[in-house]
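Side chains included, hydrogens not; waters and symmetry mates left out as well; all remaining heavy atoms used.
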Amino acid sequence: MTRRQLTPRQVELVAERFKALAEPSRLRILQALRGGERTVTELMEATGFGQANLSKHLQVLHATGFVARRKAGVSVYYSLADDDVLALCDLVCGRIERELADRRRALAR
């Protein structure tokens with residue numbers, strides 16, 4: 001992995017994206033989109049969120065570039081903009097799993 005020194009502006013942009021991902025509801029939406037494109041109605045069913053709440057979170061995810069949307073007639077379809085956000089989530093989950101394994105080993109002593 002390439003390591004680079006970030007400019008102050010780049011730090012702000014990265015922080016903005018992490019802030020968008022810091023909300024568990026948004027992570028649930030991203031997980032619901034892992035299987036492919038869905039309508040708002042399908043996302044409501046998958047997440048249990050109301051339409052207003054879901055729309056608010058989808059707006060943030062779209063504005064930060066994590067989610068793409070397309071309109072077809074009266075329906076709006078949402079999908080992951082790319083798989084990078086899933087790779088990031090998988091990376092963090094892997095880290096959590098390693099930390100838990102380390103704690104279990106320490107407690108077993």
So do [Y] and [X] actually touch side chain to side chain, heavy atoms under 4.5 Å?
X      : Y      : value
Phe49  : Arg28  : yes
Leu107 : Arg104 : no
Leu6   : Arg4   : yes

Using the rule that two of Ile, Leu, Val, Met, Phe, Trp, Tyr join whenever any of their side-chain heavy atoms come within less than 4.5 Å, decide whether [X] and [Y] are in one cluster.
X     : Y     : value
Leu30 : Val76 : yes
Val60 : Leu21 : no
Leu27 : Leu58 : yes
Val92 : Leu80 : no

Straight-line distance of [X] [atom1] to [Y] [atom2], nearest 0.5 Å:
X     : Y     : atom1 : atom2 : answer
Glu99 : Arg95 : CD    : CZ    : 4.5 Å
Thr47 : Arg38 : OG1   : CZ    : 9.0 Å
Tyr78 : His62 : OH    : NE2   : 7.5 Å
Met44 : Thr41 : CE    : OG1   : 6.0 Å
Leu91 : Asp84 : CG    : CG    : 12.0 Å
Ile29 : Leu54 : CD1   : CG    : 5.0 Å

Quick one: does [X]'s side chain have a donor or acceptor within less than 3.5 Å of a partner on [Y]'s backbone?
X     : Y     : answer
Glu97 : Gly94 : no
Glu42 : Thr39 : yes
Arg17 : Leu13 : yes

With sequence neighbours excluded, tell me which residues meet side-chain hydrogen bond (donor to acceptor under 3.5 Å, both in side chains) with Gln51.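 None.
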Quick one: list whatever passes side-chain hydrogen bond (donor to acceptor under 3.5 Å, both in side chains) with Gln59, sequence neighbours left out.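 By the side-chain hydrogen bond (donor to acceptor under 3.5 Å, both in side chains) rule, Gln59 matches no residue at all.
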Do Gln31 and Arg34 get their side chains close enough for a donor-acceptor pair, meaning under 3.5 Å?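 Judged by distance alone, the side chains do pair up.
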Which atom pair, heavy atoms only, marks the closest approach of Gly65 to Ala81?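 Taking Gly65 first and Ala81 second, the nearest heavy atoms are O-CB, 3.2 Å.
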Where is the tightest heavy-atom contact between His57 and Arg26, given as atom of each residue plus distance?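 Shortest heavy-atom separation between His57 and Arg26 comes out as ND1-NE, 3.2 Å.
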Leu33: which of Val85, Leu61, Leu86, Val67 passes side chain to side chain contact (heavy atoms under 4.5 Å, CB included):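 Of Val85, Leu61, Leu86, Val67, side chain to side chain contact (heavy atoms under 4.5 Å, CB included) with Leu33 is met by Val67 alone.
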With a 4.0 Å cut-off, would you call Arg9 and Glu12 a salt bridge?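 Salt bridge: yes.
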Electrostatic pair Glu37-Arg70, nearest N-O below 4.0 angstrom: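 A salt bridge links Glu37 with Arg70.
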